[in-house]
Student: 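This structure is in C-alpha cells; I'll ask about it shortly.
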Amino acid sequence: MAKLRYRLEGEGPPVVLLNGIFQRLESWDPVLPHLKGFTLLRYDMRGQGESEAPEGPYPPRAHAEDLLALLDETKLSRPALVGLSNGGVVAMEAALLAPERFAALVLCCTTPYLDVALRAKVESWLHALKAGGTKLRLRVALPWVFGRSFLEAHPELLAEEGLRGLAAQAPTKIAQERLLLGFLTLEDLRPRLKALALPALVLYGTEDLLFPKAYALNLAEALRARLEALPAGHAAPLEAPLAFARAVRAFLEEVYA
C-alpha cells in the first residue's frame, strides 16, 4: 500500500469520497456543507496531493487495494463509495474485489470501459504533458473537464493566473504521467459488474464532453442502477455542488434507511 494522506470527519453512516484523477481531497470542500450527517473519509490517492507517489503506473487495481488497506487502517466498516471519474473506476474495482465490504456505490461522470474516443482524449493529455508540462496539459484538458456554463461563468480559468492556480493543485509531472498510464490500462468491467449486487446510483453531467451520457447509460445498465443527470460538465461536484450533494444524499438516505 502507498502511504496516503486522508481526512476522516463527521458523524453518521460512513461514506468514502474518491477523487478525480488529478485532484486533492480538498476538491470535495464545496460538497461537504451539504453532506452533514455522514462520516466522510476523503483521501489523496497514490500520486495525488500529499500522498506517496511510488514507481508507476497506477492501474485501478492498485488504487483499489490502497483503498481496502486504508479502510483497515481507519476501521471504517461497510461504507458507501462516492467516486468521481477515475475515482468511480477505483470504486468499481474495489467493489469487485471485496463486495462484502461496501454498502453502496455512487458513480459520477465515469466509465466502466475504454473505447477509442476516450483513449484518444486521455492520450492527448499525456502527449500535452510530455510536450509542455502541466500548463499545456491543463490548457488541453480545460474544455473537456469543465462544462460550457461553468467556463462561461469562470473565464479567468483560461488566463495565466487561473492556470497557475490549477497547476498549483496538480500532482507532479511524473505522478500525472503514472496516473494517466494507469487509467489507460482500464479493462471492460461490464461483464463483472453485472454480477455485483450492490445498490448503485449513476450520475452524469449534461455538459460532460469527456465522459458523455452514453458511458453512464452503459454503466447503469450493467449495474441495474438508477441514472440521474446533473447540470454540469465533467467536474460535477465542483461545478454543481448542491445538485450533486442532493442526489447523493437522497440515494444514501434510502440505502441507510
Side-chain angles (χ1 to χ4, degrees), residues 1-9 15-29 40-76 79 81-99 101-102 105 107 110-114 118-119 121-138 140-141 145 166-189 192 210 235:
M1 171 191 167
K3 190 172 181 187
L4 305 177
R5 177 179 74 132
Y6 68 88
R7 212 169 278 171
L8 187 60
E9 56 212 317
V15 177
V16 183
L17 302 173
L18 294 103
N19 300 343
I21 196 163
F22 296 137
Q23 291 181 324
R24 304 164 60 94
L25 60 80
E26 288 85 359
S27 66
W28 295 101
D29 285 351
L40 299 174
L41 173 63
R42 301 181 279 163
Y43 72 103
D44 296 338
M45 293 183 193
R46 60 171 63 201
Q48 295 179 347
E50 295 170 34
S51 286
E52 191 179 1
E55 288 298 311
Y58 308 149
R61 175 79 180 243
H63 288 303
E65 288 172 350
D66 285 346
L67 171 59
L68 294 175
L70 183 60
L71 293 180
D72 290 339
E73 183 180 332
T74 57
K75 303 199 167 31
L76 209 61
L81 298 180
V82 178
L84 171 67
S85 191
N86 188 56
V89 173
V90 176
M92 288 181 251
E93 192 70 66
L96 289 167
L97 275 176
R101 298 195 62 174
F102 303 105
L105 297 172
L107 305 169
T110 190
T111 180
Y113 61 93
L114 272 178
L118 187 48
R119 183 175 290 279
K121 294 171 194 175
V122 176
E123 285 183 352
S124 76
W125 295 10
L126 200 52
H127 289 301
L129 182 69
K130 289 177 178 177
T134 298
K135 279 197 181 171
L136 182 58
R137 196 269 304 161
L138 280 167
V140 169
V145 170
L166 291 172
Q169 299 165 39
T172 64
K173 183 178 174 182
I174 187 66
Q176 290 176 63
E177 188 174 325
R178 290 167 177 170
L179 286 158
L180 287 170
L181 289 171
F183 177 79
L184 287 168
T185 67
L186 174 63
E187 297 172 2
D188 192 344
L189 300 178
R192 293 162 62 205
L210 189 62

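This chain uses plain numbering: 1 for the first residue, then up along the sequence. FYI, side chains are in, hydrogens and waters are out, and symmetry mates aren't considered; it's all heavy atoms of this structure.
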Student: So Leu186 and Thr111, do their side chains get closer than 4.5 Å, heavy atoms only?
Tutor: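 In short, these two side chains touch, coming nearer than 4.5 Å.
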Student: Say whether Gln176 and Arg137, considering side chains only, have a donor N or O and an acceptor N or O under 3.5 Å apart.
Tutor: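 A pair is found: one side chain offers a donor N or O, the other an acceptor, under 3.5 Å apart.
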Student: Can you tell me how far CE of Met45 sits from CG of Leu70, rounded to the nearest 0.5 angstrom?
Tutor: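 These two atoms lie 10.5 Å from each other.
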Student: Looking at every heavy atom in both Pro60 and Gly182, which two are closest together, and how far apart are they?
Tutor: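 Nearest pair, atom of Pro60 first, then Gly182: CD-O, 3.5 Å.
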Student: Quick one: closest heavy-atom pair of Gln48 and Pro171, and the distance?
Tutor: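 Closest approach of Gln48 to Pro171: CA-CG, 4.3 Å.
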Student: Measure across Val145 and Trp125 and return the closest heavy-atom pair with its distance rounded to 0.1 Å.
Tutor: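 Where Val145 meets Trp125 most closely, the heavy atoms are CG2-CH2, 3.7 Å.
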Student: Around atom CD of Glu55, are there more than 12 heavy atoms of other residues, nucleotides or ligands at under 6.0 Å?
Tutor: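 Atom CD in Glu55 is not packed in, count stays at 12 or less.
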Student: Could you check Glu73 against Lys3 for salt bridge (Lys or Arg N to Asp or Glu O under 4.0 Å), going step by step and ending with a plain yes or no?
Tutor: CA-CA 11 Å; Glu73 183 180 332; Lys3 190 172 181 187; over 6 Å; no
Student: Rounded to the nearest 0.5 Å, how far does CG of Leu84 lie from CD of Gln23?
Tutor: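 Output value for this atom pair is 5.5 Å.
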Student: For Tyr58 and Leu181, run side chain to side chain contact (heavy atoms under 4.5 Å, CB included): C-alpha distance rounded to whole Å, both residues' side-chain angles, the deciding distance at 0.1 Å, then the answer.
Tutor: CA-CA 7 Å; Tyr58 308 149; Leu181 289 171; over 6 Å; no
Student: Quick one: does Val16's side chain get under 4.5 Å of Pro79's, heavy atoms only?
Tutor: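 The answer is yes; the side chains approach within 4.5 Å.
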Student: Working to the nearest 0.5 angstrom, can you tell me the gap between Leu136 CG and His127 NE2?
Tutor: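 Here the interatomic distance stands at 12.0 Å.
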Student: Going by an N to O cut-off under 4.0 Å, is there a salt bridge joining Arg101 and Asp72?
Tutor: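 Yes, Arg101 and Asp72 are salt-bridged.
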Student: For residues Arg46 and His63, determine if any side-chain heavy atom of one lies less than 4.5 Å from a side-chain heavy atom of the other.
Tutor: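 Result yes, sub-4.5 Å side-chain heavy-atom pair found.
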Student: Take Tyr43 and Leu67, measure what side chain to side chain contact (heavy atoms under 4.5 Å, CB included) needs, and give me the verdict at the end.
Tutor: CA-CA 9 Å; Tyr43 72 103; Leu67 171 59; 3.7 Å; yes
Student: Do Leu41 and Val15 pass the side chain to side chain contact (heavy atoms under 4.5 Å, CB included) test, and can you show the C-alpha distance, the side-chain angles, and the key distance before you say yes or no?
Tutor: CA-CA 6 Å; Leu41 173 63; Val15 177; over 6 Å; no
Student: When you check the gap from the basic side-chain N to the acidic O, do Lys173 and Glu177 get nearer than 4.0 Å?
Tutor: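 Here Lys173 does not pair with Glu177 in a salt bridge, since their nearest N and O are not under 4.0 Å apart.
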Student: Where do Arg178 and Ile174 land on the side chain to side chain contact (heavy atoms under 4.5 Å, CB included) test, with the steps shown first?
Tutor: CA-CA 6 Å; Arg178 290 167 177 170; Ile174 187 66; 3.6 Å; yes
Student: Looking only at heavy atoms, which two atoms of Phe183 and Asn86 are closest? And how far apart?
Tutor: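 Minimum heavy-atom separation between Phe183 and Asn86: CD1-OD1, 3.3 Å.
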Student: Could you check if a side-chain atom of Arg61 sits within less than 4.5 angstrom of a side-chain atom of Leu97, using non-hydrogen atoms only?
Tutor: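 Sidechains of Leu97 and Arg61: in contact.
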Student: If I take atom OH from residue Tyr6 and atom CG from residue Leu71, how far apart are they, to the nearest 0.5 angstrom?
Tutor: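 CG of Leu71 is found 11.0 Å from OH of Tyr6.
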Student: Quick one: pull up CG in Leu17 and CG in Leu81 and give me the separation to the nearest 0.5 Å.
Tutor: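 So the gap between those two atoms works out to 9.5 Å.
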Student: Taking the side chain as C-beta and beyond, is there a heavy-atom pair between Leu166 and Thr134 under 4.5 Å?
Tutor: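 With C-beta onward as the side chain, the pair stays apart.
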Student: Measure the CG-CG distance between Asp66 and Asp44 for me, rounded to the nearest 0.5 Å.
Tutor: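 It comes to 12.0 Å.
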Student: Locate the shortest heavy-atom distance separating Arg119 from Leu114; write the atom from each residue and the value.
Tutor: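 In terms of heavy atoms, the two residues are closest at NH2-CD1, 3.4 Å.
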Student: Is there side-chain contact between Asp29 and Arg24, with heavy atoms separated by less than 4.5 Å?
Tutor: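 Counting from C-beta outward, Asp29 and Arg24 never come under 4.5 Å.
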Student: Can any side-chain N or O of Thr110 pair as donor or acceptor with the backbone N or O of Ser85 at less than 3.5 Å?
Tutor: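 Indeed, once roles are kept as given, a pair shorter than 3.5 Å links the two residues.
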Student: Minimum heavy-atom separation for Leu107 to Gly88, with atom names?
Tutor: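 Shortest heavy-atom contact: CD2-O, 3.6 Å.
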Student: Please step through salt bridge (Lys or Arg N to Asp or Glu O under 4.0 Å) for the pair Arg5 and Glu26, ending with a clear verdict.
Tutor: CA-CA 11 Å; Arg5 177 179 74 132; Glu26 288 85 359; 2.9 Å; yes
Student: Would you find a donor on one side and an acceptor on the other, under 3.5 Å apart, between the side chain of Arg42 and the backbone of Arg7?
Tutor: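 Not at all, since once roles are kept as given, no pair shorter than 3.5 Å links the two residues.
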